[in-house]
Number of protein chains: 2
Amino acid sequence: MDDLSPLRSDTPGATSLADRIAEAIATGEYPPGTRLDEIELAERHGVSRTPVREALIQLGAAGLLTLRPRRGAVVTEVSARQLMEMFEVMAELEAMCARLAARRASAADQQALRAAHLGCVGAMQAGDPDAYYLRNETFHHTLYRIAHHGFLEQQALALSRRLRAYRRLQLRVRTRLSSSFAEHQALVDAVCGGDESAAAQCCREHVSVQGERFADLLASMAAERRA
Amino acid sequence: MDDLSPLRSDTPGATSLADRIAEAIATGEYPPGTRLDEIELAERHGVSRTPVREALIQLGAAGLLTLRPRRGAVVTEVSARQLMEMFEVMAELEAMCARLAARRASAADQQALRAAHLGCVGAMQAGDPDAYYLRNETFHHTLYRIAHHGFLEQQALALSRRLRAYRRLQLRVRTRLSSSFAEHQALVDAVCGGDESAAAQCCREHVSVQGERFADLLASMAAERRA
DNA sequence: TTTGCCTTTCTTGTATACATGACGAGCCTG
DNA sequence: CAGGCTCGTCATGTATACAAGAAAGGCAAA
């Protein structure tokens, strides 16, 4: 579990209130459009409204919540179009990571990427979607890290967090897993082979495909929710 | 003046407290490393500590401030390396904007970009650095807008805000103005000519050059400050 | 019955009081 | 005299009280 925002808590064990709420959003406990009541959150977490408000503001700044003055906080609803756009930017950031990784990754870095990829494969073969979700996240985070570009890593992680709830929905689409594998494999090969443009292109396609699938899924879910 | 974060205030005239503090950071009133005292800010703005804290948290999430628990908020200090990295990501985002703009910009959009460019030229010829700073900002914001990609525009604006204080320092480097002009001109031509890759490449170079110059400047300023 | 206004209630926004941890000054000791 | 420890002071973190706007429900009039 990665913590929210650069201002990381001093005590590694204790996750911040904002993190816990973000986690609840990511897991779908608070679906998009859910209105978050400050008092309820305060009681649930055993604190007063003040820290709750501060957490909500943080999440609002991160884009996970939409705060309307005097009207409370709701989990940000993103349209299919917006989601596509977010995935497009994510693709570009990851492509930049891939390009840099192909150029800069050390042998150990390459090994880490391969290991993360194998983790995905294992989870896929075990047919464990939850494990795959986590392994896949690790794989992408590994890519960000081995680009050796601190700020880019931060930005990629931030956007990745914001898309987390939607990425989780990917688990429902069974066919995505195997095709995702092939795409990861190509990326690993390109990065380890030092082929910058191939790595970048791989990434763009991989994430873009995800974006399209998610947009479809979201649209169908929205229809489902209305029914 | 653009407002901070997607949660924009309801009353257009009234700038939020966070915006005012951000402005003070951008203008250099609070240089990097400055410690912001909650009580002092509260008194200065005629409010209590609560809204001040909320503003600080917002700015912390945006990256302008670094909040350490129990140790207060300081204006984020970025190293020359970090600054370079931020400009590199900015370049990539702008390149994406340029690529999209070259593909999607309408005649009116192209006209708007040309107009913004002429504004820069006018300010440059008038020898008014402050005006140039504003016109230049408008030019870039216009580019973001005519890419017709809402989320990308948001991201670009956010990073642009974060770099604002450093962009302002550009004014000191006299020679930047004229070379900046040529770069802008090339970008305008590429976008209006619909040449995606040329537009993107232009942007990357333009912003990267800025990044390098700023890194130099920052290093010299840091040395100056220590003396 | 429906529509518009008013009132009521509830939530958010702000202020203030209190608790707690950090930093520094001063003292004691080696 | 130097170094470390302790205590005091102050800023931050949290809780609570109060103010004010928004939404919902009821009442009256058409």
Peer 1: Roughly, in whole Å, what's the span from CZ in B/Arg49 to P in D/dA11?
Peer 2: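 Interatomic distance, CZ of B/Arg49 to P of D/dA11: 10 Å.
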Peer 1: What do the steps show when you test A/His45 against A/Val52 for side-chain contact (heavy atoms from CB on, under 4.5 Å), and what is the final call?
Peer 2: CA-CA 9 Å; A/His45 293 91; A/Val52 169; 5.7 Å; no
Peer 1: Any ion pair linking A/Glu94 and A/Arg204 (charged N to carboxylate O, less than 4.0 Å)?
Peer 2: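 Answer for the salt bridge query: no.
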Peer 1: The test is side-chain contact (heavy atoms from CB on, under 4.5 Å); show your working for B/Gln155 and B/Leu159 and say whether it passes.
Peer 2: CA-CA 6 Å; B/Gln155 293 294 105; B/Leu159 185 48; over 6 Å; no
Peer 1: Please answer whether the main-chain N or O of B/His148 pairs with a side-chain N or O of B/Arg104 as donor and acceptor at a distance below 3.5 Å.
Peer 2: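 Yes; judged by distance alone, with no hydrogens or angles, the pair exists.
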Peer 1: Would you say the side-chain atoms of B/Arg99 pair up with the backbone N or O of B/Ala200, donor to acceptor, closer than 3.5 Å?
Peer 2: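 A pair under 3.5 Å: no.
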Peer 1: Give the minimum heavy-atom separation between B/Val75 and B/Pro31, together with the two atoms involved.
Peer 2: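 Answer, listing the atom of B/Val75 first, then B/Pro31: CB-O, 3.6 Å.
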Peer 1: CZ of B/Arg53 versus C1' of C/dT16: gap in Å, rounded?
Peer 2: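 After rounding, the reported distance stands at 14 Å.
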Peer 1: Has A/Arg103 got a side-chain atom pairing as donor or acceptor with A/Val191's backbone, closer than 3.5 angstrom?
Peer 2: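 Not confirmed, A/Arg103 side chain does not pair with A/Val191 backbone.
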Peer 1: Quick one: B/Glu54 CD to D/dT14 P, roughly how many Å, whole number?
Peer 2: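 To the nearest whole Å, that distance equals 13 Å.
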Peer 1: May I ask you to say whether A/Glu77 pairs ionically with A/Arg35, meaning some side-chain N is under 4.0 Å from a carboxylate O?
Peer 2: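 No salt bridge links A/Glu77 with A/Arg35.
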Peer 1: Distance check needed: D/dA22 C1' versus A/Leu67 CG, whole Å only.
Peer 2: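 Rounded to whole Å, this separation is 16 Å.
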Peer 1: Taking OP1 and OP2 of C/dA15, is either one under 4.0 Å from a side-chain nitrogen or oxygen of B/Ser48?
Peer 2: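 So the side-chain polar atoms of B/Ser48 do come within 4.0 Å of the phosphate oxygens OP1 or OP2 of C/dA15, strictly under.
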Peer 1: If you take any heavy atom closer than 4.0 Å to DNA chain D, which residues from residues 35-45 of chain B end up in contact?
Peer 2: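 Result for residues 35-45 of chain B: B/Arg35, B/Leu36, B/Asp37, B/Glu38, sorted by number.
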Peer 1: Sort me out a list of protein N/O and nucleotides 19-21 of chain D N/O pairs below 3.5 Å, or just none if empty.
Peer 2:
from: D/dA20; atom 1: N3; to: A/Arg70; atom 2: NH1; distance (Å): 3.4

Peer 1: Identify, between A/Arg71 and A/Pro51, the residue whose nearest nucleotide on DNA chain D lies closer to the 5' end.
Peer 2: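 So the residue in question is A/Pro51.
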